[in-house]
J.: 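This is the structure, below, for whatever I ask next.
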There are 2 protein chains.
Amino acid sequence: MNFRDLEYLIALEELKHFRKAADKCFVSQPTLSGQIKKLEDELNVQLMERSSRKVIFTPAGLDIVAKAKTILLEAKSLKEIAKSHNEPMRGTLHIGLIPTVAPYLLPVIIPIIKQTFPDLELYLHENQTHVLLKQLEEGELDCLLLALLPGMETFNKLDLYDEPLELALSDKHPWSEKEMIDLNELSGEHVLMLADGHCLRDQALGFCFTAGAIEDNSFKATSLETLRHMISAENGLTLLPQLSIPLNRHQSGVKYVPFQSPSPVRTITLLSRNNSARQVCFDQLAQLIHTAVAERLAEY
Amino acid sequence: MNFRDLEYLIALEELKHFRKAADKCFVSQPTLSGQIKKLEDELNVQLMERSSRKVIFTPAGLDIVAKAKTILLEAKSLKEIAKSHNEPMRGTLHIGLIPTVAPYLLPVIIPIIKQTFPDLELYLHENQTHVLLKQLEEGELDCLLLALLPGMETFNKLDLYDEPLELALSDKHPWSEKEMIDLNELSGEHVLMLADGHCLRDQALGFCFTAGAIEDNSFKATSLETLRHMISAENGLTLLPQLSIPLNRHQSGVKYVPFQSPSPVRTITLLSRNNSARQVCFDQLAQLIHTAVAERLAEY
DNA sequence: TATTTTTAATAGCTTTACTCTATCATAATT
DNA sequence: AATTATGATAGAGTAAAGCTATTAAAAATA
């Protein structure tokens with residue numbers, strides 16, 4: 001039994017005539033006859049009485065025609081489901097983000113994504129890099145927005161933007177009035193850091209090590225916001241990514257000073273599985289994010 | 001797209017493994033791979049991501065698997081419908097009967113039919129022979145219970161019983177005490193008849209003509225019961241089929257006298273289309289009716 | 001780092017099943 | 001009796017689906 005056989009049967013019930021039904025189905029009369037016979041043999045039930053003048057459906061035949069119609073409708077619906085999924089910017093999308101990106105990037109991009117791709121249903125998952133990578137691999141997430149690190153080569157990456165880090169410090173700190181600062185001036189300074197597992201911690205540690213700065217071991221923050229409040233309270237120093245910094249670089253007791261070139265920087269990337277079916281979607285999304293963030297960063 | 005492809009897809013979604021899914025479907029792995037690929041091409045949508053380690057279904061794939069499951073369920077249900085119709089003594093049956101048979105035969109056979117074949121749903125249609133034959137031909141009726149007449153050779157017939165006609169007359173008539181009577185004694189008598197269109201009228205007329213009796217043209221009855229009442233009221237004569245006669249041959253002013261051999265007789269037959277799908281059903285029904293009526297007639 | 005293992009895709013051939021044209025058989029109509 | 005209408009049958013051709021053997025690529029293991 002296959003879908004075509006059911007079409008033959010339905011046409012035959014409608015027209016009560018083998019040749020006409022065959023014409024309607026664009027096959028020859030013997031073909032239709034044969035397939036109907038095959039169907040009867042397979043179902044082991046006589047679907048109609050044939051005579052040279054009349055085709056009379058049996059009750060069994062009529063019941064089966066009715067069921068056949070619902071099956072063909074379902075098949076049509078299946079094809080329409082497929083069609084609706086053909087549009088890349090439609091359907092659900094599970095995005096993973098790291099905690100040092102999510103709260104600052106999302107307000108910039110969510111409104112424009114919702115406006116540009118209203119049929120995209122976003123689910124946002126905030127987690128640390130190693131968790132996100134695992135989830136992406138398992139297929140639990142569709143793509144990630146995070147800072148590019150070594151070891152991500154097995155994934156497909158679309159670079160979104162390079163995000164400079166700036167020096168955050170209390171507005172009572174002697175350096176707080178500086179317009180710019182050189183990374184090497186941090187030599188010997190104690191710097192506050194995020195807790196283990198945050199990729200920004202490792203990156204910042206790297207820059208500090210190069211500059212000769214020292215981690216302040218008395219405290220490890222669990223979020224950038226905690227870190228920011230600590231700076232204000234403790235008169236400390238830290239590195240914060242640009243998107244988390246207010247435009248005027250001075251707010252609630254904290255001042256922000258950009259570094260002189262070459263500034264410490266991290267690359268924010270859209271990561272997806274190499275063989276993901278939604279590459280077209282990611283391309284468009286990356287393009288949109290790139291533009292939106294470029295506009296935002298230009299405001300500094 | 002066909003049903004098998006959907007089975008492959010469902011197995012693959014369940015096992016997330018091409019070879020295992022192929023095993024489950026009793027085909028080779030390349031066959032399953034090929035058909036899945038064909039399905040994707042046909043639906044023009046990627047149903048899953050493949051890698052050498054993982055099979056991850058896309059949202060489109062999952063939606064389509066869900067729909068595929070309902071389609072296969074419907075297909076299964078279609079086969080079960082066919083199966084249920086395989087039992088010949090089940091389902092609806094439209095039976096046509098003539099008015100001179102229905103009221104007398106049905107009480108005899110309906111209880112035993114309902115008891116023997118409880119899954120048979122009977123619809124009874126009372127009409128004159130020519131109407132019934134037309135309806136049978138058109139497929140509106142499945143079979144007929146009527147008196148066999150010339151011109152019915154194109155149908156399939158199963159003889160049920162031979163029904164003798166008896167002489168019905170007022171209990172005040174001089175012949176009313178006779179045990180038996182010879183048909184030829186009717187010579188010159190006036191006999192009451194049914195209206196045109198009743199086959200019993202034509203048959204009775206035939207017997208009367210042979211015997212030399214004359215039709216009483218002053219009245220034509222539209223039913224046997226009217227005829228019976230007329231006999232009582234008008235002191236007339238008529239021929240009535242045995243099943244319409246009370247067992248003691250005397251009731252409400254009417255007496256019944258059987259004819260000496262050779263008695264006038266009609267053959268009651270089950271008629272169906274030659275190519276009817278339900279010949280088995282009719283055979284069993286005829287057998288049952290034959291037995292039930294034989295038992296009833298033996299009581300006279 | 002090289003080797004083995006796992007897993008899906010590909011190539012090439014075979015088989016199945018569907019379709020076609022031509023013809024037959026039967027019953028209805030002329 | 002001849003013609004027409006209609007479905008069934010026969011036989012050949014084609015397309016689809018199946019198989020085995022092999023390849024390719026990634027992961028696991030040595």
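Reminder, nothing fancy here: chain letters follow the sequence lines and each chain counts from 1.
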J.: Using a strict 4.0 Å threshold on nitrogen-to-oxygen distance, state whether D23(B) and R19(B) make a salt bridge.
T.: yes

J.: L124(B): which residues meet the side chain to side chain contact (heavy atoms under 4.5 Å, CB included) condition with it, sequence neighbours left out?
T.: I95(B), L97(B), L106(B), I110(B)

J.: With a 4.5 Å heavy-atom cut-off, do L271(A) and L133(A) have their side chains touching?
T.: yes

J.: Nearest-Å distance, CD (E40(A)) to C1' (dA8(D))?
T.: 12 Å

J.: Using whole Å, what does the distance between atom P of nucleotide dG18(D) and atom CD of E7(B) come to?
T.: 11 Å

J.: Is it the case that atom NE2 in H290(A) sees more than 12 heavy atoms from other parts of the structure closer than 6.0 Å?
T.: no

J.: Return the value, rounded to whole Å, for the distance between atom CZ of F57(B) and atom P of dA8(C).
T.: 11 Å

J.: Distances for protein N/O vs nucleotides 11-14 of chain D N/O pairs under 3.5 angstrom?
T.:
none

J.: May I have the distance from I36(A) (atom CD1) to dT9(D) (atom C1'), rounded to whole angstrom?
T.: 17 Å

J.: Roughly, in whole Å, what's the span from CG in L15(B) to C1' in dA8(C)?
T.: 15 Å

J.: Counting only heavy atoms from other residues, nucleotides and ligands, does the tally under 6.0 Å from NZ of K16(B) exceed 12?
T.: yes

J.: Report yes if the side chains of V101(B) and R266(B) come closer than 4.5 Å at any heavy-atom pair, otherwise no.
T.: yes

J.: So does H17(B) get a side-chain nitrogen or oxygen closer than 4.0 Å to the phosphate oxygens (OP1/OP2) of dT6(C)?
T.: no

J.: In whole angstrom, what separates L47(A)'s CG from dG7(D)'s C1'?
T.: 16 Å

J.: Are D283(A) and L158(A) packed together at the side-chain level, in the sense that at least one heavy-atom pair is separated by less than 4.5 angstrom?
T.: yes

J.: May I ask you to decide if the ring planes of H94(A) and H125(A) are parallel, tilted or perpendicular, using 30° and 60° as cut-offs?
T.: tilted

J.: Once you round it to whole Å, what is the distance between P of dT7(C) and NZ of K54(B)?
T.: 11 Å

J.: Got L145(A) and I289(A) here, is their nearest side-chain heavy-atom distance under 4.5 Å?
T.: yes

J.: Taking CD from E49(A) and P from dA8(D), how many angstroms apart are they, rounded to a whole number?
T.: 13 Å

J.: Return a single string for nucleotides 9-20 of chain C, one symbol per nucleotide in 5' to 3' order, where B is base contact, S is sugar-phosphate-only contact and - is none, cutoff 4.0 angstrom on heavy atoms.
T.: BB-------SSB

